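See structure below.
Fair warning: this is a prediction, and the values are worked out from it, not measured in the lab.
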Amino acid sequence: MTPRNSSSVTEFILLGLSAQPALRLPLFFLFLGIYVLTMLGNLGLSTIIGLSASLHTPMYFFLFNLSIIDLCYSCVFTPKMLNGFLSENIISYVGCMTQMFFFCFFVQSECCVLVSMAYDRYVAIYSPLLYSVSMSPQVCSMLMLGSYVTGFSGAMAHTVSMLRLTFCDSRAIHHYLCEVLPLLQLSCSSTYVNELVFFIVVGVVITASIVSIFISYALILSNILRIPSAEGRSKAFGTCGSHLTAVTLFFGSGAFTYLTTSPESAEQGQFTSVFYTNVVPMLNPLIYSFRNKDVKLAIGKTLKRVLF
């Protein structure tokens with residue numbers, strides 16, 4: 001039997017970032033611009049990787065999946081967020097649960113993909129001669145499958161536990177998307193199980209991801225320091241720079257959002273969450289394009305084929 005909500009609430013109102021009418025239009029164009037850049041950047045990067053045979057390597061296989069996740073991730077909530085700047089942003093109960101599921105799925109999947117990318121860089125530097133064997137297509141596929149299964153499992157845990165709650169009269173969500181914590185504040189039934197599920201799932205995924213990335217980079221650093229030439233060390237650092245920047249932005253902004261937000265500062269939480277929900281997916285393709293010679297070379301070759 002599927003879980004059935006006993007709530008009398010059939011729809012929610014997403015209050016968004018600002019209740020001031022004068023700010024809504026400027027914010028609409030600001031986030032529309034971010035959304036367009038996010039779509040173009042991630043779609044363009046994934047297309048370049050797909051079309052360029054020189055980028056058909058494990059590193060770019062993971063980057064391709066990261067771009068697809070960021071692309072889908074932004075589509076989950078940004079169109080609804082933009083609608084909220086122009087009119088009252090009403091979302092159905094089913095729509096809200098669906099949005100929450102996919103939001104959790106893509107966020108947790110991205111955590112795991114970033115871990116896989118860190119492991120890939122470790123193997124490339126630690127044992128370059130065995131890289132093609134250690135990071136075979138089968139291994140890469142299993143790592144990606146594990147990332148998506150982890151994201152799906154976590155999202156299902158949040159969604160199923162949310163479906164058991166009762167929402168009575170309160171239907172105004174102090175956020176621009178249906179996220180777990182703002183929804184829990186509206187429930188008129190006990191949220192103990194939901195809070196437990198939230199801290200277990202988020203705690204396990206985030207802690208395991210950060211620890212895994214930290215260990216990978218500690219081993220990477222110890223191997224880089226053994227390289228005798230300064231040029232070799234610089235080249236090795238260069239292969240990790242883009243990924244390390246993306247990891248710092250994603251986990252840093254996410255940690256800042258959840259560690260500095262309390263129920264009393266819900267509005268502050270909305271503004272801090274903008275960075276990891278909107279800005280980071282826009283920056284990722286820029287980080288990997290501008291700091292990566294292979295991607296820039298592939299873009300140049302693709303443009304020449306298309307234009308000439």
For this session: For the pair Val94 and Thr98, evaluate side chain to side chain contact (heavy atoms under 4.5 Å, CB included) and give the outcome as yes or no after the intermediate values.
Result: CA-CA 6 Å; Val94 174; Thr98 304; 4.1 Å; yes
For this session: Take Cys112 and Gln108 through the test side chain to side chain contact (heavy atoms under 4.5 Å, CB included) and record every step on the way to the result.
Result: CA-CA 7 Å; Cys112 297; Gln108 291 174 87; 5.8 Å; no
Exercise. What do the steps show when you test Met117 against Met59 for side chain to side chain contact (heavy atoms under 4.5 Å, CB included), and what is the final call?
Worked result: CA-CA 7 Å; Met117 295 174 76; Met59 175 181 174; 5.9 Å; no
Problem set entry | Chi angles and distances behind the side chain to side chain contact (heavy atoms under 4.5 Å, CB included) call for Ile220, Cys240 | CA-CA 9 Å; Ile220 287 171; Cys240 302; 4.0 Å; yes
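Ser187 contributes a side-chain N or O that, together with a main-chain N or O of Ser189, makes up a donor-acceptor pair within less than 3.5 Å. Remark: the backbone N or O of Gly95 is paired with a side-chain donor or acceptor of Ser92 at under 3.5 angstrom. Within the 3.5 Å criterion, the main-chain N or O of Leu143 finds a donor-acceptor partner in the side chain of Ser147.
Phe29 is not listed as a side-chain neighbour of Ile34, based on a closest heavy-atom distance of 4.5 Å or more. Taking the side chain as every heavy atom from C-beta outward, Leu183 and Phe12 approach each other to under 4.5 Å. Residues Asn89 and Ile13 fail the side-chain proximity criterion, which asks for heavy atoms closer than 4.5 Å. Between Tyr73 and Phe103 the shortest side-chain heavy-atom distance falls below 4.5 Å. Contact check for Asn42 versus Ile68: no side-chain heavy atoms found under the 4.5 Å cut-off. Here the side chains of Val139 and Met142 are not in contact, with every heavy-atom distance at 4.5 Å or above. Using a 4.5 Å heavy-atom threshold, the side chains of Leu177 and Gln99 count as touching. At least one side-chain heavy atom of Cys96 sits under 4.5 Å from a side-chain heavy atom of Ile173.
Between Asn278 and Tyr35, the side chains place no donor N or O within less than 3.5 Å of an acceptor N or O (distance only, hydrogens not considered).
Minimum interatomic distance between Ile90 and Lys80 (heavy atoms only, all atoms of both residues): O-NZ, 2.8 Å. Here the closest heavy-atom approach between residue His158 and residue Ser161 is recorded as O-OG, 2.9 Å. Shown here for Leu17 and Met81, the closest heavy-atom pair between the two residues is CD1-CE, 3.6 Å. Scanning all heavy atoms of the two residues, the minimum distance from Gly50 to His56 falls at O-NE2, 3.1 Å. For the pair Asn284 and Ala246, the tightest heavy-atom approach, listed with the atom from each and the gap, is OD1-CB, 3.6 Å. Taking every heavy atom of both residues into account, Gly151 and Ser109 meet most closely at CA-OG, 3.6 Å.
Heavy atoms from other residues, nucleotides or ligands lying under 6.0 Å from CZ of Phe275 number more than 12. Counting non-hydrogen atoms of neighbouring residues, nucleotides and ligands closer than 6.0 angstrom, the OH atom of Tyr126 reaches no more than 12 such neighbours. The neighbour count for Phe152 CZ, taken as heavy atoms of other residues, nucleotides or ligands under 6.0 Å away, does not exceed 12.
Put simply, Val280 and Val205 are part of two different groups of oily side chains (I, L, V, M, F, W, Y) that touch within less than 4.5 Å, one to the next. Cluster annotation: Leu71 is connected to Leu286 through the hydrophobic network of ILVMFWY side chains, with a link wherever side-chain heavy atoms come within less than 4.5 Å. Cluster annotation: Leu184 and Ile200 are assigned to distinct hydrophobic clusters (Ile/Leu/Val/Met/Phe/Trp/Tyr, side-chain heavy-atom contacts under 4.5 Å, transitive). Taken together through direct or relayed side-chain contacts under 4.5 Å among Ile, Leu, Val, Met, Phe, Trp and Tyr, Leu244 and Ile215 form part of one hydrophobic cluster. The hydrophobic cluster containing Ile48 also contains Met282, counting ILVMFWY residues as joined when their side-chain heavy atoms lie under 4.5 angstrom apart, directly or transitively.
The CG atom of Asn83 lies 10.5 Å from the CZ atom of Phe85; values are rounded to the nearest 0.5 Å. With rounding to the nearest 0.5 Å, the separation of CG in Leu145 from SG in Cys140 is 12.5 Å. Here Thr78 contributes atom OG1 and Leu32 contributes atom CG; the two are 10.0 Å apart, rounded to the nearest 0.5 Å. Atoms SG and CZ, on Cys188 and Phe167 in that order, are 8.5 Å from each other to the nearest 0.5 Å. The structure places OG1 of Thr166 at 13.0 Å from CG of Leu186, a figure rounded to the nearest 0.5 Å. The distance from the OG atom of Ser127 to the CG atom of Leu130 is 5.0 Å, given to the nearest 0.5 Å.
Ring geometry for Phe77 versus Tyr176: interplanar angle of 30 to 60°, hence tilted. Under the 30°/60° scheme for interplanar angles, the aromatic rings of Tyr119 and Tyr122 are found to be tilted.
Checked against the 6.0 Å centroid criterion, the rings of Tyr217 and His243 qualify as a close aromatic pair.
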